[in-house]
Amino acid sequence: MTYFEDQYPTRTKERIEPFARPDPVVYGHPASYGKGPLRPDEVHSFEENGFLFLENFLTESEVNGFLKDLDGYTKDPAIKEREETVTEKYTGEIRSIFAVHKLSERFDRLSRDPRLLDIAHQLLGSDVYIHQSRINDKPAFRGNGFNWHSDFETWHAEDGMPRPRCISFSITLTENNDFNGPLMLIPGSHKTFVPCTGITPPKNWEESLKSQTLGVPAEKDLRALARKGGIVAPRGPAGSLVIFESNTLHASANNLSPYPRRNLFFVCNSVENKPVAPFCGNAPRPDYLATRKNIDPLRPVIETPGVAAHQRQAYEQHQGQGHFMKEPAAAQMSRQ
Ligand code: 6CS
Ligand code: FE
């Protein structure tokens, strides 16, 4: 049986000092960084900062299609009752809809669109699958924010994700501006793993998805990393894309503005990094939060109208050229 040593201890009683992540950010040899939709300088920027911001990634008509679906969901009582839908603690409004790629053909296609998939392959150096998808809907005037955290810290502790070989694609379905609680990131924070104190209670997600208290770094650790890297809040029109590394510290403030903030997220995890038993010791979270069943590599939907012929060719050439890195056997070590 393969065991994994816990290289990222967290959710402990006693404090553990932050440490440099032992794993790479971008997989594959730097000489092959250019093999994919991102330019080498974009790959280096992602590696350095832990995120990349691309404006106008989707066309207005594509965004309107997603918004039409989302409007339908927010008006549908059956969607609100779904286990995968998280509502706001006090207003009862929809806060997040998980497993959105399972809800509609349109979202499923986007999760397999080569414009995203090829970037995931380029950065993670392997086939990928959807670890999690969601829409975070921050309504005008009342949308609540998200506390500072590393997604990987939660996915490692509560989902058993062994290593940070995972990226999030966040697509803005509405403009993200100074006032409606845009995503804030700490550049460079992805290179440091910040263990968090506090034992994880069973079914923690029933609380944490409404208001996260566990897995929030200590203020002194946040202050130190923000002092080193600053804080950036990518703002731009609907259809923009933020690609961020699974361990990049991020948060977002409440939305007191009259402008809704609706962002779509797809999380691509390497097939070399499939979840094992949760490192916090609890039972695994539901599949809509962390895919465990039927983990098949994502294959492109290349008849997507928006995909240009050259992307299709690039994708097809990319296959079977050994660009993908297998996890070195040594990485799988005995688990205490
Ligand atoms: O627990 C999770 O998986 C979710 N929680 C946050 C705050 N970000 C990632 C993810 O949506
Ligand atoms: Fe997050």
Side-chain angles (χ1 to χ4, degrees), residues 8 10-11 50-51 82-89 94-103 107 111 129-138 143-162 164 166-172 176 181-186 189-190 193-194 196 198 200-217 222 225 231-234 241-255 261-269 273 275 278-280 282-292:
Y8 295 92
T10 187
R11 307 291 173 93
F51 67 93
R82 235 168 138 248
E83 184 193 2
E84 296 87 342
T85 301
V86 178
T87 53
E88 288 289 1
K89 210 169 189 166
I94 289 182
R95 174 175 167 88
S96 302
I97 300 176
F98 283 90
V100 74
H101 67 296
K102 300 260 173 71
L103 255 186
F107 284 99
S111 72
Y129 71 94
I130 297 286
H131 164 70
Q132 181 185 103
S133 74
R134 66 191 184 275
I135 289 175
N136 280 351
D137 197 356
K138 210 187 269 187
N144 281 334
F146 293 78
N147 217 333
W148 286 105
H149 64 282
S150 148
D151 289 341
F152 171 69
E153 190 277 342
T154 291
W155 296 337
H156 180 73
E158 300 190 51
D159 299 330
M161 183 183 282
C166 178
I167 55 173
S168 285
F169 291 108
S170 171
I171 294 159
T172 62
N176 276 217
L183 185 67
M184 299 184 290
L185 303 123
I186 300 181
S189 59
H190 62 305
F193 184 72
V194 184
C196 299
T200 311
K203 297 198 171 185
N204 179 50
W205 69 88
E206 291 176 348
E207 252 318 288
S208 69
L209 297 178
K210 288 178 181 287
S211 164
Q212 185 171 359
T213 50
L214 272 179
V216 177
L222 283 166
L225 286 166
I231 296 178
V232 169
L241 172 68
V242 180
I243 309 165
F244 61 105
E245 209 278 333
S246 61
N247 189 46
T248 305
L249 288 177
H250 59 285
S252 66
N254 293 346
N255 181 9
R261 193 217 73 170
R262 311 176 104 174
N263 290 352
L264 170 61
F265 294 78
F266 289 112
V267 180
C268 285
N269 188 29
N273 191 40
F279 287 87
C280 70
N282 291 351
R285 300 200 298 174
D287 217 66
Y288 67 83
L289 291 177
T291 306
R292 309 179 86 86

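Since this is a predicted model, take the numbers as computed values, not measurements. Order of listing sets the numbers, starting from 1, for every ligand and every atom in it. Heavy-atom basis, side chains included; hydrogens, waters and symmetry copies ignored.
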Peer 1: Is the contact between N147 and ligand 1 made by the side chain, the backbone, both, or neither, using heavy atoms and a 4.0 Å cut-off?
Peer 2: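 Contact part for N147 vs ligand 1: neither.
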Peer 1: State yes or no: are the ring centers of F266 and F169 separated by less than 6.0 Å?
Peer 2: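 No, the ring of F266 stays outside the 6.0 Å limit from the ring of F169, centre to centre.
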Peer 1: If you have a sec, read the angle at the Fe ion (ligand 2) from H149 atom NE2 over to H250 atom NE2, to 10 degrees.
Peer 2: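 Centred on the Fe ion (ligand 2), the NE2/NE2 angle is 80° (to 10°).
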Peer 1: Side chain, backbone, both or neither: which part of W155 has a heavy atom under 4.0 Å from ligand 1?
Peer 2: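 The answer is the side chain.
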Peer 1: What part of H149, side chain, backbone, both or neither, has a heavy atom within less than 4.0 angstrom of ligand 1?
Peer 2: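 Within the 4.0 Å criterion, H149 contacts ligand 1 through side-chain atoms alone.
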Peer 1: Within the structure provided, determine whether E84 and V100 are in side-chain contact (heavy-atom separation under 4.5 Å).
Peer 2: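 No, too far: nothing below the 4.5 Å cut-off.
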Peer 1: Quick one: sort the H156 and F279 rings into parallel, tilted or perpendicular, breaks at 30° and 60°.
Peer 2: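 Aromatic pair H156/F279 classed parallel.
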Peer 1: Within ligand 1, which atoms have a heavy atom of T154 less than 4.0 Å away?
Peer 2: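 Result: 1 (O).
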Peer 1: With side chain to side chain donor-acceptor pair (under 3.5 Å) as the criterion, how do E158 and N204 come out once you've worked through the C-alpha distance, each side chain's angles and the decisive distance to 0.1 Å?
Peer 2: CA-CA 9 Å; E158 300 190 51; N204 179 50; 3.0 Å; yes
Peer 1: To the nearest 0.1 Å, how far is atom 4 (C) of ligand 1 from its closest protein heavy atom, and which atom is that?
Peer 2: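 Scanning the protein heavy atoms, the shortest distance from atom 4 (C) of ligand 1 goes to L209 CD2, 3.8 Å.
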Peer 1: Atom 10 (C) of ligand 1: which protein heavy atom is closest, and how many Å away?
Peer 2: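 The protein heavy atom lying closest is Q132 OE1, 3.3 Å.
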Peer 1: For ligand 1, which atoms, with element, lie under 4.0 Å from some heavy atom of Q212?
Peer 2: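 So the atoms of ligand 1 that pass are 7 (C).
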Peer 1: Any idea which N/O/S atom from D151 gets closest to the Fe ion (ligand 2)?
Peer 2: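 Output for this pair reads OD1.
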Peer 1: Suppose we measure from atom 8 (N) of ligand 1 to each protein heavy atom; which comes out shortest, and what is that distance?
Peer 2: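 For this ligand atom, the closest protein heavy atom is D151 OD1, 3.0 Å.
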Peer 1: Is the side chain of E206 donor-acceptor paired with the backbone N or O of S208 at a distance under 3.5 Å, no angle test?
Peer 2: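 Not confirmed, E206 side chain does not pair with S208 backbone.
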Peer 1: With R95 as the cation and F146 as the aromatic partner, state whether NZ or CZ is under 6.0 Å from the six-membered ring centre and within 45° of the axis.
Peer 2: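 Satisfied, under 6.0 Å and within 45°.
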Peer 1: Measure centre to centre between the rings of W155 and H131, then say whether the value is under 6.0 Å.
Peer 2: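 Ring centres of H131 and W155 closer than 6.0 Å.
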Peer 1: May I ask you to check if ligand 1 and H250 share an N or O to N or O distance below 3.5 Å?
Peer 2: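 No, no N or O pair falls under 3.5 Å.
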Peer 1: Quick one: which of C280, S150, C196 gives a side-chain contact (heavy atoms from CB on, under 4.5 Å) with T10?
Peer 2: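 Exactly one pass, corresponding to C196.
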Peer 1: Considering the heavy atoms of R285, write down every atom of ligand 1 situated less than 4.0 Å from one of them.
Peer 2: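 Answer for ligand 1: 1 (O), 2 (C), 3 (O).
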